[in-house]
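The block underneath contains the structure these notes are about, expressed in structure tokens.
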Amino acid sequence: MNPNAYYVAAGGSNYNVYLFDRKGEFSWMHNPGYWISSVSLTNNGSHLAAGSFDDKIYLFNLSGAKLWDYQVKDDVYAVEIASDYSFIAAGSWDDNVYALNMDGEELWNYSCGGNVNSLDVSRDSSTIAVGSDAGAIYLFERNLTAFALLLGDESFLPKETVKKTDAVTAAETIQPIKEDTAVTGALKIR
């Protein structure tokens, strides 16, 4: 649902994407033709993104018109629209996380070494967290390089934080990226 709960989106194994208003009244339904695994609404409810098992990411407008679809190589399990509307993040079983602009153009993708089952975009749209079947969590954080060249905005680049618990102090330590574990474009947590 969007933050003020004015709109609620849903999708499922019946191949439909739904939009309801806050009273639970049906606004529209669209049938892309395959299982809908994930939905995300913009804060104002103007757009709805959906991930599907037909290997596509969809974007619909408030009236239910399909604006575009984007083909990836396997099922799309997770999708989220950034709160500043600058991108849509999606995770697929093709092992990749994708960032698309609101026009459906790919900004970048990154292989996470295993099926991407979940992701989350921070409230300020500065970070994407991705969970992978490879047993890793990746964080993509904006800074001043590649994304700046693409969008005139900050980019997502790697930093690696390793959480270690000391039995005596129970303190967390931050370790530098090691050459054998560095992941270009992501933060890999072990």
Side-chain angles (χ1 to χ4, degrees), residues 1-123 125 127-140 156 186:
M1 73 180 88
N2 67 330
N4 66 4
Y6 192 81
Y7 295 106
V8 176
S13 61
N14 65 354
Y15 306 170
N16 293 323
V17 177
Y18 303 95
L19 185 69
F20 300 91
D21 67 17
R22 74 174 342 144
K23 296 176 184 175
E25 295 177 10
F26 179 74
S27 295
W28 58 262
M29 176 192 76
H30 197 286
N31 185 312
Y34 226 85
W35 187 323
I36 303 300
S37 57
S38 181
V39 293
S40 176
L41 283 167
T42 55
N43 287 340
N44 64 4
S46 65
H47 292 85
L48 184 156
S52 177
F53 285 3
D54 66 353
D55 311 341
K56 290 183 181 176
I57 302 156
Y58 293 91
L59 187 68
F60 303 93
N61 67 16
L62 183 59
S63 64
K66 182 179 89 170
L67 302 177
W68 51 260
D69 62 66
Y70 184 83
Q71 181 81 43
V72 297
K73 297 175 191 152
D74 207 337
D75 299 341
V76 178
Y77 265 77
V79 66
E80 186 168 345
I81 301 173
S83 60
D84 68 358
Y85 314 124
S86 61
F87 65 92
I88 298 168
S92 172
W93 271 29
D94 66 7
D95 301 349
N96 288 303
V97 60
Y98 295 86
L100 309 174
N101 67 21
M102 294 299 284
D103 293 323
E105 299 163 344
E106 185 177 306
L107 302 172
W108 55 266
N109 73 69
Y110 185 81
S111 176
C112 295
N115 298 337
V116 176
N117 295 311
S118 62
L119 61 80
D120 194 25
V121 177
S122 64
R123 188 174 297 157
S125 304
T127 306
I128 302 171
V130 176
S132 167
D133 276 353
I137 297 169
Y138 294 83
L139 293 177
F140 298 87
F156 292 92

**OP:** Hey, could you give me the CD/CG distance between Glu105 and Leu100, rounded to the nearest 0.5 Å?
**Re:** 9.5 Å

Original post:
Going through the checks in order, is the side-chain contact (heavy atoms from CB on, under 4.5 Å) test met by His30 and Leu48?
Top reply: CA-CA 11 Å; His30 197 286; Leu48 184 156; over 6 Å; no

Original post:
How far apart are the closest heavy atoms of Trp28 and Val17, and which atoms are they?
Top reply: CZ3-O, 3.9 Å

Subject >> Between CD1 on residue Ile137 and OG on residue Ser132, distance to nearest 0.5 Å >> reply: 10.0 Å

Subject >> Ile128 side, atom CD1; Leu139 side, atom CG - distance, nearest 0.5 Å >> reply: 10.0 Å

Original post:
Listed by chain and number, what are the side-chain contact (heavy atoms from CB on, under 4.5 Å) partners of Asp95, not counting sequence neighbours?
Top reply: Ser111, Asn115

Original post:
Can you name the side chain to side chain donor-acceptor pair (under 3.5 Å) partners of Thr42, sequence neighbours left out?
Top reply: Asn44, Ser46

Original post:
Atom CZ of Arg123 and atom CG of Asn43: how far apart are they, to the nearest 0.5 Å?
Top reply: 10.0 Å

**OP:** Please identify each residue that fulfils side-chain contact (heavy atoms from CB on, under 4.5 Å) with Ala82, with sequence neighbours left out.
**Re:** Asp84, Ser86, Phe87, Val121, Ser125

Original post:
Quick one: side chain to side chain donor-acceptor pair (under 3.5 Å) pairs with a partner in residues 10-24, sequence neighbours left out?
Top reply: Asn14-Tyr18, Asn16-Tyr18, Asn16-Asn31

Subject >> Minimum-distance pair of heavy atoms, taken over all atoms of Ala49 and Ile88 >> reply: CB-CG2, 4.3 Å

Original post:
For Ser92, what residues pass the side-chain contact (heavy atoms from CB on, under 4.5 Å) criterion, not counting sequence neighbours?
Top reply: Val72, Asp74, Asp94, Tyr98

Subject >> Contact summary for Ser118 and Ala78, nearest pair of heavy atoms >> reply: CA-CB, 3.9 Å

Original post:
When rounded to the nearest 0.5 angstrom, what distance separates CG in Leu119 from SG in Cys112?
Top reply: 9.5 Å

**OP:** Give the minimum heavy-atom separation between Ala90 and Val76, together with the two atoms involved.
**Re:** CB-CG1, 4.3 Å

**OP:** Nearest 0.5 Å please: distance from the CG atom of Leu19 over to the CE atom of Met29.
**Re:** 12.5 Å

**OP:** Using modelled atom types only, decide if a donor and an acceptor are shared between the side chain of Trp68 and the backbone of Met102 within a distance under 3.5 Å.
**Re:** yes

Only pairs under 3.5 Å count here: list side-chain donor-acceptor contacts from residues 50-61, not counting sequence neighbours, and write none if there are none.
residue : atom : partner : partner atom : Å
Ser52   : OG   : Trp35   : O            : 3.0
Ser52   : OG   : Asp54   : N            : 3.2
Ser52   : OG   : Asp54   : OD1          : 2.9
Asp54   : OD1  : Lys56   : N            : 3.3
Asp54   : OD2  : Tyr58   : OH           : 2.4
Asp55   : OD1  : Asp75   : N            : 3.0
Asn61   : OD1  : Ser63   : N            : 3.0
Asn61   : OD1  : Ser63   : OG           : 2.8
Asn61   : OD1  : Gly64   : N            : 3.1
Asn61   : OD1  : Ala65   : N            : 3.0

Original post:
So Val97 and Phe140, side-chain contact (heavy atoms from CB on, under 4.5 Å) or not? Walk me through it.
Top reply: CA-CA 10 Å; Val97 60; Phe140 298 87; 3.7 Å; yes

Subject >> Residues, nucleotides or ligands: over 12 heavy atoms within 6.0 Å of Met1 CE >> reply: no

